[in-house]
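Report on the structure given below.
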Amino acid sequence: MSNDGPTLNDDTPRGGRFPSGHSHTHGAGIRHTHPMTPGQQAHAEGRAPGGAPGTAGHDFDLPALPGAVDVFDTTLRDGSQQEGLSLTVDDKLRVAEQLDHLGVTFIEGGWPGANPKDEEFFTRAPTELSLHRSTLVAFGSTRRAGVRAEDDETLRHLVAAQTEAVCIVAKSSEMHVVDALRTTLDEAVAMVADSVEFLASNDLRVFLDAEHFFDGFKANPEFTMRILRAAEEAGAETLVLCDTNGGTLPYEVERIVSDVLGGFETQVGVHFHNDSGCAVANSLAAVGVGATHVQGCVNGYGERAGNADLSAAIPDLTLKLRVGTIPTERLELLTPVSHHIAELVNIAPNPQQPFVGASVFAHKAGLHTSAIARRSDAYEHISPELVGNGTRFVVSEMAGRSSLAMKATELGLELDSQAMSSVLDSLKRLEYEGYHFEVADGSLELLLRNSTGWEQGFFELESYRVISDHGDGQSTEATVKVLVGDERIVATAEGNGPVNALDGAVRAAIGSHYPALAGVHLVDYRVRVLDSAKGTGSVTRVLIDSTAGDRTWTTIGVSENIIAASWQALSDSIVYGLLHADAASGG
Ligand SMILES: [Zn+2]
């Protein structure tokens, strides 16, 4: 016998209750019978009464699921362990506001007493943070070995934090008690009992995070269960099973969480790390067998591979399993909140992040885009609007006519076949030179408009000049000469780099003619050096992200000269911004 815990093969096969085969036809072929695959058989046997019928496109009942789970976000505590993620107290307050806006049940705010920042957060939270939907939770640990609970500094800090609920971590794996804590198993159990009792007697709702629970359970289930029992008996509200090393797989989760649920009256929660790429899957597996509290982070932040990504777990639970999570009407805030938090923590959003990524409802191939025009549900697993995202058509030289036509329709442009051919030719040529229109929707739109004969009439460039100085610090100065109508304007501005200085100079030149320009902001600027296709040197590709209220767009410039590339992207950004401000004001 190994002590590695249960494996899939421990299960004795259950068969025979369902037909071992099914008959059907392939295409126009004759009707015939296949034996059921093991997966199909397991699926059929997994039918359980009591589930929500007919949901998520299934024509059979889902397993019995809880009606709802509590969503516990730990971005401000566990998520902040991510390499490169550092939040000021102001940032933390703003992240908490976003989480409350989204409507998670609990927000773990940090570890009071562990560092000055978290201390200040809990001092300022009562007056500066007004939460409408979420409950703030302070995090800490059990008392230390050999210290009375009432004398333990960590526990006293938790009481002083004045939150309604606290979450304390306890070692629940024998190995960690013996090797890391260097104390006895009995003392480890007493530490849990005393600490929970002390906090509960101070009128606090107590969650117990059982650290290394799954690994501990596999090695010594009896001890691990004693820890949970001690917490239950001392009055813990929720027993949270943590996969601290993140190596557990969904089939183990189902087995172990079921075992715990069978043995305890108390609510069971789960906390998964993503080291095996299964944190969300594990969370769903745990809920599938009855866990009703899910911890994680919006955007899956956290050390190593991160925590369970709530941006995926929430819609999976809500939309696919019909398990209540955040208030239903707030689900469409998921994408904006995810992006807002990414901005606050200063980590660029991952375009491929399920549900909320910029690319996850983007369609590229020609064949595929013409099909999606007919039936969007044929190529999208959910309607993107449900989570506040949207369908996008991206165009590249690979895409061909149909996706370009889709894009034109999306923009309300009519392109005849001659205009279409000329745009396709331009795209091929420009992409060969290093342009990348898939990521530059703003420049692509201008290119399409130009092909219909449209020309921007906002300003005409005569010349620009950029001077970079190494004096007191570094400063860059730009001068632009433009024509607005018949008026010739020369303007100069300083900036911290060429784009910034050029942007300032253009605004100084044309801002008084176009007040809407004040609402257009550059939010990001990316430069990449590309090997030129000709092999004679490198070219620079500049991408600029801009925003005006709800709308954001990306523009591109490519040149052997970084200033010229920057000007192209900047000029497109401004033209696009003025064009849409014009449209919005009906002008
Ligand atoms: Zn963790």
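In this text the structure is predicted, and so the values were computed from the model without any measurement. Counting starts at 1 for both ligands and their atoms, in listed order.
Closest heavy-atom contact between Val268 and Thr238: C-CG2, 4.3 Å. Of all heavy-atom pairs spanning His381 and Lys320, the tightest one is ND1-NZ, 2.7 Å. Among all heavy-atom pairs drawn from Phe217 and Thr224, the shortest one is N-OG1, 3.5 Å.
Under 2.8 Å from the Zn ion (ligand 1), one finds the following protein N/O/S atoms: Asp78 OD2, His271 NE2, His273 NE2.
Between the side chains of Thr184 and Asp186, no donor-acceptor pair of N or O atoms lies under 3.5 Å.
Residues Phe223 and Met175 have side chains not in contact (no heavy-atom distance under 4.5 Å, counting atoms from C-beta outward).
Using a cutoff of 4.0 Å between basic side-chain nitrogens and carboxylate oxygens, Arg143 and Glu187 are scored as salt-bridged.
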